[in-house]
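Here is the structure we will look at, set down as structure tokens.
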There are 2 protein chains.
Amino acid sequence: MTAETEAPCGQHRRGSRSVEGHDVPSAEHARIRLAQCSPLHVRESCLAGGLSQQDLEALDRLTFSRRRAHLGEPLYEAGQAFGQLYAVGSGTFKSCVTLADGRQQVTGFHLPGELLGLDGVGTGTYASGAIALEDSEVCVIPYANLRDASSAGAEVQGAIARLMSREIVRAHSLMLMLGSMNAEERLAAFLLSFSSRMKARGFSPTEFHLRMSREEIGSFLGMKLETVSRTFSSLVQKRLLDVNKRHVRIVDLQQLQSALAR
Amino acid sequence: MTAETEAPCGQHRRGSRSVEGHDVPSAEHARIRLAQCSPLHVRESCLAGGLSQQDLEALDRLTFSRRRAHLGEPLYEAGQAFGQLYAVGSGTFKSCVTLADGRQQVTGFHLPGELLGLDGVGTGTYASGAIALEDSEVCVIPYANLRDASSAGAEVQGAIARLMSREIVRAHSLMLMLGSMNAEERLAAFLLSFSSRMKARGFSPTEFHLRMSREEIGSFLGMKLETVSRTFSSLVQKRLLDVNKRHVRIVDLQQLQSALAR
DNA sequence: CGTAAGTTTGACAGCGGTCAATCCTCGTGG
DNA sequence: CCACGAGGATTGACCGCTGTCAAACTTACG
């Protein structure tokens, strides 16, 4: 239906092995608590950063459902009424903002344990959309529950504030990257960030599979897909990486880090 | 003392008509409530956006002091322990982040009514620094006071959450700008944003004085100061602006807006 | 096997960075 | 009061990075 453009934020059409018939992804809302929702990831990564055991237990009590999103499906879309936050349980998401004239940009990639939807709190409307980059699962956290002063509300409010603040810091450092780095530095920064996030989740920090296309990486890094591809090739030539399509192996992590300091 | 670099985040050395002898800007902490702290600006601008009357009164009760900062003086610096938020009462500030290798970037300019320091909530350390671009005044809001569940804490917590969320949205749209606009579009976007913020504060939206240098604008927009200057000249040539150093008059606001949609 | 999407690579051009000279403003000191 | 110097702004010349256009290759799915 939607007139598909050449944008990096579109939904995928080729549904992979998605079973189809799932046009409305808001289907099942099983009552499953955060603690059962891939607890290891959620607790030991971004979400847990700075949260006390008490915070986590409070959060657990406020989480009431989970939801699945297949590859290419939106979890929510920009402009939609804000109602809940989502904690990635498994899989990967990208979030995208759109300019008035249609230009779009990927503002982030989200791994298990990270929180989505915080940009909706301010206005009551999601400012960005989130789309699954593979078949994924999230925990749904109704925001109204957080506002209830009841049930350790204050603790959780503080935790949410910390998470938001970190998102601000992250966005600012991305601004720095977009404003002052060349193509090679941007890609190196992206890969190193990805590497440390994989490591934090118990995966290999030097070998991983990217779930996003060259175009999506380019959109995130503020460069064209051809430049992304060329820069990958350049880093391979310099013996810092092995790359085969979306499979990446970091050969020389030391040098990749020093590629940032130019 | 500090080895001054060529960065856009440095403190100014030429103290203008500053009286001197004010090396420690944390001096006087008069007990003045937010309501007395340029209330018109604070209430009718960013801070007030989305806040109820109740929120504002709650905030008032938590504000205990104000502080002055002369041109070039830091309000706080990156890495410093986080303790309070600052509401700009009068004047202008810039905030800056620094990369490991010393590169810096201006992440925002702040007008009366806007809140500074939210990036410190997450880690307990300010991730950016804030420097006065003219002699300015702020309201000091100890963050600990906000966390106290006492005295309508929940209301204020929600208000702070909304403000943080808006800052996230703002940062994301800046990322979009840095990633996908050319020099002219960036400058136009900057001027239009500045214009509407001036208008919101009761100033002329078409004629104003910029408190920041070309280098600082460039740092914020991800371009070099020469390019900023050239782009100003280009917009003058196109009859969209009148520019004399830092004094700007928007001649054709319509066309300036359409310069964004390319 | 054919088509579509994604990736890679090449050729070329243009925007913006770099280096440099000049001008302007303002504060300081002779 | 004027000369001088420093910092900021403007403008020009040049060039390199990255965008643009295009073609070839790979992979997956119908």
Side-chain angles (χ1 to χ4, degrees), chain A residues 4-8 10-20 71-72 103 133-134 177-187 209-219 221-237 241-248 259 262, chain B residues 4-8 10-20 71-72 103 133-134 177-187 209-219 221-237 241-248 259 262:
Chain A
E4 206 74 19
T5 66
E6 23 58 34
Q11 304 166 33
H12 294 236
R13 257 151 311 172
R14 202 157 22 124
S16 190
R17 79 214 59 162
S18 73
V19 195
E20 293 301 86
L71 187 155
R103 266 176 288 184
L133 294 180
E134 61 184 312
M177 180 186 77
L178 289 169
S180 67
M181 285 184 179
N182 64 26
E184 186 170 306
E185 292 172 316
R186 291 182 200 194
L187 189 58
H209 185 79
L210 299 172
R211 317 304 311 208
M212 64 295 285
S213 70
R214 298 289 187 260
E215 184 177 13
E216 287 162 337
I217 296 173
S219 174
L221 298 179
M223 48 207 249
K224 294 294 160 183
L225 68 102
E226 294 95 330
T227 306
V228 175
S229 184
R230 258 185 268 273
T231 309
F232 266 122
S233 301
S234 163
L235 290 176
V236 170
Q237 200 121 27
L241 295 182
D242 273 359
V243 175
N244 190 296
K245 304 292 173 197
R246 299 189 179 185
H247 190 86
V248 174
R262 209 187 335 210
Chain B
E4 205 74 16
T5 67
E6 23 57 34
Q11 305 165 32
H12 295 236
R13 258 153 304 171
R14 208 167 8 134
S16 193
R17 78 214 60 162
S18 71
V19 195
E20 294 299 88
L71 187 156
R103 265 177 289 184
L133 293 179
E134 60 184 312
M177 179 187 77
L178 289 169
S180 68
M181 286 185 178
N182 64 25
E184 186 170 305
E185 292 172 316
R186 291 182 200 196
L187 189 58
H209 185 80
L210 300 172
R211 318 303 312 208
M212 63 296 285
S213 70
R214 298 288 187 262
E215 184 176 13
E216 286 162 338
I217 296 173
S219 173
L221 298 178
M223 48 206 248
K224 294 294 160 182
L225 68 102
E226 294 95 329
T227 305
V228 174
S229 184
R230 259 185 268 273
T231 310
F232 265 122
S233 300
S234 163
L235 290 176
V236 170
Q237 199 121 28
L241 294 183
D242 272 1
V243 176
N244 189 294
K245 304 294 173 194
R246 298 188 180 185
H247 190 86
V248 174
R262 211 190 333 215

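Throughout, protein chains are lettered first and strands after them, A, B, ... in sequence-line order, and every chain is numbered starting at 1.
In this structure, A:Leu210 places its CG atom 15 Å from P of C:dG6, rounding to the nearest Å. Atom C1' of nucleotide D:dG19 and atom CZ of A:Arg186 are separated by 13 Å, given to the nearest angstrom. Taking atom NZ of A:Lys224 as the reference point, atom P of D:dA22 lies 16 Å away to the nearest angstrom. Nucleotide D:dA28 holds its P atom 16 Å from the CD atom of A:Glu134, rounded to whole Å. Here C:dT25 presents its P atom at 14 Å from CZ of B:Arg214, a figure rounded to the nearest Å. With rounding to whole Å, B:Leu71 atom CG is found 12 Å from C:dG27 atom P. Between the NE2 atom of B:His247 and the C1' atom of D:dA9 there is a distance of 16 Å, given to the nearest Å. Protein atom CD of B:Gln237 is 13 Å distant from nucleotide atom C1' of D:dT10, rounded to whole Å.
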Yes or no on side-chain contact (heavy atoms from CB on, under 4.5 Å) for B:Glu215 and B:Val228, after CA distance, side-chain angles and deciding distance?
CA-CA 8 Å; B:Glu215 184 176 13; B:Val228 174; over 6 Å; no

Please evaluate residues A:Arg211 and A:Glu216 with respect to the criterion side-chain contact (heavy atoms from CB on, under 4.5 Å), reporting the C-alpha separation (whole Å), side-chain torsions for both, the decisive distance (0.1 Å), and the verdict.
CA-CA 10 Å; A:Arg211 317 304 311 208; A:Glu216 287 162 337; over 6 Å; no

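Applying the 4.0 Å criterion to OP1 and OP2 of C:dG6, one finds that A:Arg246 has every side-chain N and O outside that range. Side-chain nitrogen and oxygen atoms of A:Ser213 include none within less than 4.0 Å of the OP1 or OP2 phosphate oxygen of C:dG6. The shortest distance between the side-chain N/O atoms of A:Lys245 and the OP1/OP2 oxygens of C:dG6 is not below 4.0 Å.
Qualifying salt bridge (Lys or Arg N to Asp or Glu O under 4.0 Å) partners for B:Glu226, counting only residues two or more places apart in sequence or in other chains: none. B:His209 meets the side-chain hydrogen bond (donor to acceptor under 3.5 Å, both in side chains) test with no other residue; sequence neighbours excluded.
A donor-acceptor pair is defined here as one N or O able to donate and one able to accept, closer than 3.5 Å; such a pair exists between the side chain of A:Arg186 and the backbone of A:Met181.
With rounding to the nearest 0.5 angstrom, the CE atom of A:Met177 is 10.0 Å from the CG atom of B:Leu178.
Among the nucleotides D:dT27, D:dT11, C:dG17, the one closest to the side chain of B:Glu226 is D:dT11. Nearest nucleotide to the side chain of B:Thr227, out of D:dT10, C:dG17, D:dT18: C:dG17.
Of all heavy-atom pairs spanning A:Arg103 and B:Ser180, the tightest one is NH1-O, 2.9 Å. When all heavy atoms of B:Leu210 and B:Val248 are compared, the pair lying nearest together is CD1-CG2, 3.7 Å.
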Tell me which donor-acceptor pairs under 3.5 Å the side chains of residues 230-237 of chain B have, and how far apart each pair is, sequence neighbours excluded?
residue, atom, partner, partner atom, Å
B:Thr231, OG1, B:Thr227, O, 2.6
B:Ser233, OG, B:Ser229, O, 3.1

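End-to-end axis angle of the helix from C:dC1-D:dG30 to C:dG30-D:dC1, from C1' rotation axes over five pairs per end: 30° (rounded to 10 degrees).
Within the nucleic acid shown, A:Gly218 has no heavy atom closer than 4.0 Å to any nucleic acid atom.
Contacts between residues 229-236 of chain A and DNA chain D, counted as heavy-atom distances below 4.0 Å, involve A:Arg230.
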